[in-house]
Amino acid sequence: MIIPGILFKSQTSFPSIFNLKHNFKSFLNPKFTLQFNPISSLKVVWRKDWTLDEAIENDKRYKLCARVVKEVLNEPGQAIPLRYLDKSRERLRLNVRVKTFINNNPGLFDTYYDRIRPKSDLVPFLRPSNRLRNFLEEEKRIYDENEDLVVSKLCKLLMMSRYKVISVDKLVHAKREFGLPNDFLVNLVPKYSNYFRLTGSPGEGQSFLELVEWNPEFAKSVIEQRAEEESHLTGIRVRPNFNYKLPPGFSLRKEMREWVRDWLELDYISPYEDVSHLDQASREMEKRMVAVLHELLSLSLLKRVPVPILGKFTNDYRFSNAFSSAFTRHSGIFYMSLKGGIKTAVLREAYKGDELIDKDPLLGIKDKFVELLEEGWRERAEMLRVRREQVKKDMEMMAAKNGELSEQSCEEAEL
């Protein structure tokens, strides 16, 4: 449901009638002051969105397999004793034994026997299958084809930060969400020394990635680009603003509707703009924070990011300590999913139902991995089908044989 009285589309830069009316009252009566509800007092009841939760649920099995694969690939020699991997089940959120997982997802790993130590007993090890190694080659190819996109994303993450520098640990923790390759610090950063510089003490948790050069072409948010495209198509100057649309059946109290209306009429503040002069508790800073969150979700692969990961960047992007409440306060822009016991911020405009509208080119990697998994699942289903048919045939043969024996016994009894 679209809230009446709220401008959802981009609009021109002329002052709103609402602002003109109150400015005129203030001019006539100097004692008149416009009172706004403080941001912290505005509450919106969280409501479940089944379709967006389904989008997260659809990726559950894929993400579990990706975590296990990552665990094996990070081992020296890309091989691990099966029992060692079993000990990591809780951390990997794997609710079955590894042997069962391997059987349920054939084609990921090969099992072989080796010794953990000289003269110790032979134990089962896991290593990437040839099929998985072929996928890793495809992954590298897709990253190579989209290297410019990866560089622009990394620059944007730094450009939005307060000091244009971010801890390496934070970036490594969030790399999967934004599509950064595993080796971006080793191969990508040195290759683009005109943009990036590593500082501090690598390996001691005190290293940082610093922006060297500001590229104006990267300093445009998705919202600003959208307004420019609309202006070009219509020939009318369009004001950058958020698309705001509540899901069906969702409504806001009158007080909140009025606050949102007035908040949307504030000038859009680019996430790449210097806001050191703004009060942290101001409505303008709230608008800037929402702009940064919108841009971060837009840069992410799936247009959604777990809130704990976003929380790691609180100081870098000048978020308030209660920044996560913005996802429910601005329910027409974001959705806060609680699926799987993890809070996940989702960008509403990026989805139609449970499907992404515009896919990030780097999602080709996910598509290839899902193809690998589905190939294994089909093989397992076929194997189980053949096995069931064989069991059925064996039972029919046993039944027929038992029938013959019964008939023979009856004949002998009659004699």
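This is a predicted model, so every value here is computed, not measured.
Counting only N and O atoms by type, the side chains of Tyr268 and Glu224 include no donor and acceptor under 3.5 Å apart.
Taking the side chain as every heavy atom from C-beta outward, Leu211 and Val165 never approach each other to under 4.5 Å. The side-chain heavy atoms of Phe323 and Leu310, taken from C-beta on, include a pair separated by under 4.5 Å.
A search for ring-ring contact (aromatic ring centres under 6.0 Å, His included) contacts involving Phe196 returns nothing, not counting sequence neighbours. Scanning for side chain to side chain donor-acceptor pair (under 3.5 Å) contacts around Arg318 gives Gln280, with sequence neighbours left out. Partners of Lys287 according to the salt bridge (Lys or Arg N to Asp or Glu O under 4.0 Å) rule, which considers only residues two or more places apart in sequence or in another chain, do not exist here. Taking the ring-ring contact (aromatic ring centres under 6.0 Å, His included) definition, one finds that Tyr143 meets it with nothing, sequence neighbours left out. Listed by chain and number, the residues in a side chain to side chain donor-acceptor pair (under 3.5 Å) with Glu147 are Lys191, Tyr192 (sequence neighbours excluded).
Rounding to the nearest 0.5 Å places NZ of Lys339 at 12.5 Å from CG of Asp59.
Under 4.0 Å is where a charged nitrogen must lie from a carboxylate oxygen, and between Glu230 and Arg226 no such pair does.
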Please test Lys153 against Asp360 for salt bridge (charged side-chain N to carboxylate O under 4.0 Å, His left out), starting from the C-alpha separation and ending with a verdict.
CA-CA 12 Å; Lys153 283 190 179 192; Asp360 191 299; 2.7 Å; yes
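Residues in residues 60-83 take part in these salt bridge (charged side-chain N to carboxylate O under 4.0 Å, His left out) pairs, two or more places apart or across chains: Glu71-Arg91.
Here the rule is side-chain hydrogen bond (donor to acceptor under 3.5 Å, both in side chains) with Asp316, and of Lys164, Lys170, Arg162 only Lys170 fits it.
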